[in-house]
Each structure stands twice: as C-alpha cells, then as structure tokens.
Amino acid sequence: MEVVSTTGELRTAVAAARRANKSVGLVPTMGALHEGHLSLVDASRAECAWTVVTIFVNPLQFAANEDLSNYPRPIGDDLAKLRLRGADLVFTPTDDEMYRIAHGTFVDVGVVARPLEGAFRPSHFRGVATIVLKLLNLASADRAYFGQKDFQQTLVVKRMVADLNVSVEIRVCPTVREADGLALSSRNAYLSPDERRQALAISRSLREAKAMVTGGERNAASVLVRMRAILAEAGITQIDYVVLADPETLENQSKISGPTLAAIAARIGSTRLIDNELIEPSPEP
Ligand code: AMP
C-alpha cells in the first residue's frame with residue numbers, strides 16, 4: 001500500500017494505474033476509521049481494480065463552533081487497518097496542500113443541501129461538495145463510495161455530479177451498525193459509557209418508525225410522536241430534527257405513500273450524532 005500526501009504524487013499514482021488499465025475506486029474519509037469506512041473499501045475492491053482511500057479532516061465543512069480541533073486523528077491505526085483491508089493507495093494531504101492560500105472556488109449545491117443538516121450546519125455541504133469535487137478531479141475515479149449513514153451527503157454528491165457533469169458513478173453502501181444498533185461513527189469515540197447507552201435511543205427510534213410504517217401506519221405525525229417519545233424516555237432533549245421525509249427531495253411527508261427517509265440529529269452531551277433509516281411502506285391493503 002502506497003501512502004502519499006501531495007496532489008502531484010496522487011496524480012502520478014493515478015496515471016500509472018490508468019496506464020495499467022485499472023479501474024479506480026475512491027473512498028473519501030476523514031479518518032478515525034471503523035468498519036463503516038472499511039465496508040466502503042471492501043465495496044470498492046469488489047468492483048474496482050485499484051482503490052484510493054483519502055484521509056483528510058476537511059476544515060471547510062466544520063463551522064467555527066464545531067469539533068475540528070478535537071476530531072480524532074489516529075493516522076497510524078488508520079493506515080494499519082487500510083493495509084489489512086487491501087487499499088492500494090492512501091492520500092493524506094495537509095490543509096495547505098488542499099487549500100492553497102489563494103483558494104477561492106466553492107461548490108454550492110442548492111436546494112437538496114438546505115434542509116436537515118444544511119439548516120443546522122449552514123456551510124457544511126458547501127465544504128463537503130468542494131472537497132469531494134477536488135478529490136474526484138484528483139483521483140479521476142470510475143466510482144466513488146459513500147455511506148448511507150450520511151444520507152443527505154449522498155444526495156448532495158449525486159446532485160453535484162449530475163449538475164457539473166462529473167464522470168463518475170456514485171455508490172451508496174448500507175450503514176454499518178454495532179450489534180446493539182448504534183450506527184458506527186468516528187464521533188462515538190467522544191461518548192462516555194452512559195452517553196453511549198443513551199445514544200442507542202436514536203437507532204431504537206428509527207427502528208420503531210420502520211416497524212410502524214411497514215406495519216401499515218400512514219400518518220407521519222403519529223410516527224413522529226412515537227419517535228420523539230423514545231428519545232425523550234432516554235433523556236435525549238437536545239434534538240435538532242426528527243423527520244419523515246421524501247428520500248429524493250427531503251421534503252417533510254405528512255402522509256406516507258412511498259419510500260420514506262426517517263432521520264434524526266441529536267446531541268448526546270456535547271456530541272452531535274445523526275442516523276437514518278430508509279423505509280419502504282407495505283403495499284396498501
Ligand atoms: P467520514 O469519515 O465521517 O467523513 O465518513 C466517510 C465515509 O464513510 C462517508 O461516506 C460516510 O457516510 C461513511 N460512513 C461513516 N459511517 C458509516 C457507517 N456506520 N456505515 C457506512 N458508512 C459510513
């Protein structure tokens with residue numbers, strides 16, 4: 001496994017892979033790698049001859065009051081995991097390498113970036129779209145792999161790729177969870193044992209929404225009341241959103257008539273967690 005940190009080295013390695021007629025898979029991450037990230041590496045290796053993993057804690061997607069400076073950066077462990085998993089190249093640039101002093105171009109994706117995460121983290125998706133486009137350009141990947149865990153991010157990236165005619169296939173892989181349901185996240189490392197127990201209410205609430213909707217409930221308000229009750233019973237009070245939304249437009253649904261995204265963002269202590277479930281309602285009787 002090769003590890004490089006400059007855009008020039010990355011381009012040289014990509015060009016060599018291309019000359020060898022290898023298809024290229026890109027897995028963008030911010031590091032602190034867990035099985036969720038590694039499942040994306042597996043998916044890329046299954047479909048592409050050459051897999052590039054990027055590890056970059058992108059300052060542009062963090063607001064001033066967020067956890068940029070505390071974000072975990074266990075680079076030695078990350079590289080060991082990627083070596084075991086068979087990544088071909090890891091790109092670990094510095095901030096200066098990615099954003100030179102005069103950097104002045106940003107990607108604003110529009111409506112799909114505005115609700116949910118966009119409403120609570122207004123500059124977040126501008127940062128995400130900008131770095132993802134830069135990485136896609138550098139890696140000239142055939143396919144790029146993202147997790148459903150960050151569902152809105154997958155919509156933002158797909159919209160950008162369609163609008164800007166980027167030649168890449170976007171693959172979305174299922175959310176990897178702990179056995180008890182907690183979605184794997186680098187931010188879980190911030191949770192105390194008590195907070196981790198409390199955080200389980202997020203996936204429990206989403207599972208309950210899925211059970212209600214697949215069981216025939218069509219009234220979103222009834223489902224949302226139950227979802228909020230589960231969070232409240234666990235003592236979760238700092239809730240950014242609990243929604244049932246159209247998975248293409250992210251508009252809130254009042255009557256559930258087709259595929260539905262159940263999504264939650266909440267703070268457990270000082271840790272902000274997000275999770276979601278895609279729900280396919282049972283056919284009308
Ligand atoms: P991050 O390092 O948080 O930026 O995540 C990098 C990629 O890994 C994104 O595409 C995430 O959606 C994906 N990812 C994060 N957590 C999970 C998970 N639990 N299951 C699947 N993919 C995940």
Side-chain angles (χ1 to χ4, degrees), residues 1-18 24-34 36-38 40-41 44 48 50-109 117 121-141 144-147 149-150 153 156-157 160-161 164 166 168 185-190 271-272:
M1 185 177 83
E2 201 180 342
V3 182
V4 300
S5 55
T6 67
T7 55
E9 290 167 317
L10 174 57
R11 281 191 196 281
T12 303
V14 168
R18 288 259 162 243
V24 177
L26 173 70
V27 180
T29 82
M30 298 202 300
L33 301 180
H34 50 62
H37 300 111
L38 298 174
L40 305 182
V41 177
S44 174
C48 306
W50 197 70
T51 293
V52 180
V53 179
T54 67
I55 298 180
F56 179 58
V57 184
N58 174 31
L60 209 58
Q61 70 190 67
F62 288 76
N65 60 340
E66 294 180 350
D67 55 345
L68 173 64
S69 58
N70 298 332
Y71 200 83
R73 289 168 169 86
I75 186 67
D77 289 355
D78 285 351
L79 294 178
K81 288 175 185 169
L82 291 173
R83 206 166 272 123
L84 275 176
R85 222 53 176 235
D88 294 289
L89 183 124
V90 184
F91 179 50
T92 58
T94 59
D95 292 1
D96 287 348
E97 184 67 18
M98 292 313 285
Y99 299 111
R100 308 227 170 234
I101 289 163
H103 188 99
T105 307
F106 303 92
V107 181
D108 176 2
V109 169
E117 289 303 286
R121 307 181 70 190
S123 59
H124 175 65
F125 286 125
R126 179 181 189 256
V128 168
T130 302
I131 192 67
V132 170
L133 183 59
K134 284 164 70 71
L135 294 172
L136 289 172
N137 283 336
L138 286 165
S140 47
Y145 296 81
F146 296 86
K149 160 78 169 41
D150 298 276
Q153 171 170 281
V156 164
V157 170
M160 172 187 75
V161 161
L164 299 182
V166 185
V168 65
S185 164
S186 306
R187 292 189 167 97
N188 292 349
Y190 302 145
T271 305
R272 186 172 183 280

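All values below come from the heavy atoms of this structure, side chains included, with hydrogens, waters and symmetry mates left out. Along the sequence shown, the residues carry numbers beginning at 1. Remember, it's a predicted structure, so these values are computed and weren't measured experimentally.
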Kindly give the heavy-atom pair with the smallest separation between [X] and [Y], and that separation in Å.
X: Tyr99; Y: Gly127; answer: OH-O, 4.5 Å
X: Ile131; Y: Met98; answer: CD1-CE, 3.7 Å
X: Ala141; Y: Val168; answer: O-CG2, 3.4 Å
X: Ala139; Y: Val14; answer: O-CG1, 3.4 Å
X: Met160; Y: Ala129; answer: SD-O, 3.4 Å
X: Cys48; Y: Tyr145; answer: SG-OH, 3.4 Å

For the pair Val109 and Phe125, evaluate side chain to side chain contact (heavy atoms under 4.5 Å, CB included) and give the outcome as yes or no after the intermediate values. CA-CA 8 Å; Val109 169; Phe125 286 125; 5.9 Å; no

With a 4.5 Å cut-off on side-chain heavy atoms, are [Y] and [X] touching?
X: Val107; Y: Arg126; result: no
X: Val90; Y: Thr54; result: no
X: Thr92; Y: Phe56; result: no
X: Met1; Y: Asp88; result: no
X: Val161; Y: Leu136; result: yes
X: Ser186; Y: His37; result: yes
X: Leu89; Y: Leu10; result: yes
X: Asp78; Y: Thr29; result: no

State which residues pass ring pair (Phe, Tyr, Trp, His ring centres under 6.0 Å) with His124; sequence neighbours excluded, sorted by chain then number.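 So His124 forms no ring pair (Phe, Tyr, Trp, His ring centres under 6.0 Å) with any residue.
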
Residues in side-chain hydrogen bond (donor to acceptor under 3.5 Å, both in side chains) with Thr12, at least two apart?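 Expected list: none.
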
Can Arg272 and Glu66 be counted as an ion pair, charged N to O under 4.0 angstrom?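 No salt bridge links Arg272 with Glu66.
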
Once you measure the plane-to-plane angle for Phe62 and Tyr71, does it fall in the parallel (<30°), tilted (30-60°) or perpendicular (>60°) bin?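 Ring orientation, 0 to 90° scale: perpendicular.
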
Any donor and acceptor pair, going by atom type alone, linking the side chain of [X] with main-chain N or O of [Y] inside 3.5 Å?
X: Lys81; Y: Leu33; value: yes
X: Arg18; Y: Ser140; value: yes
X: Gln153; Y: Asp150; value: no

Going through the distances and angles, do Val3 and Leu79 end up as a side chain to side chain contact (heavy atoms under 4.5 Å, CB included)? CA-CA 8 Å; Val3 182; Leu79 294 178; 4.1 Å; yes

Look up atom NE2 in His103 and atom CG in Asp95, then write down how far apart they are to the nearest 0.5 Å.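 Answer rounded to 0.5 Å: 12.0 Å.
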
Take Phe91 and Thr7 through the test side chain to side chain contact (heavy atoms under 4.5 Å, CB included) and record every step on the way to the result. CA-CA 8 Å; Phe91 179 50; Thr7 55; 4.1 Å; yes

Stepwise side chain to side chain contact (heavy atoms under 4.5 Å, CB included) test for Ile55 and Leu82: CA-CA 11 Å; Ile55 298 180; Leu82 291 173; 4.0 Å; yes

Answer with yes or no whether the side chains of Asp67 and Tyr190 bring together a donor and an acceptor at under 3.5 Å.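 Tyr190 vs Asp67: donor-acceptor pair found between side chains.
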
Which residues share a salt bridge (Lys or Arg N to Asp or Glu O under 4.0 Å) with Glu97, sequence neighbours left out: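 For Glu97, the residues satisfying salt bridge (Lys or Arg N to Asp or Glu O under 4.0 Å) (neighbours in sequence not counted) are Arg100.
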
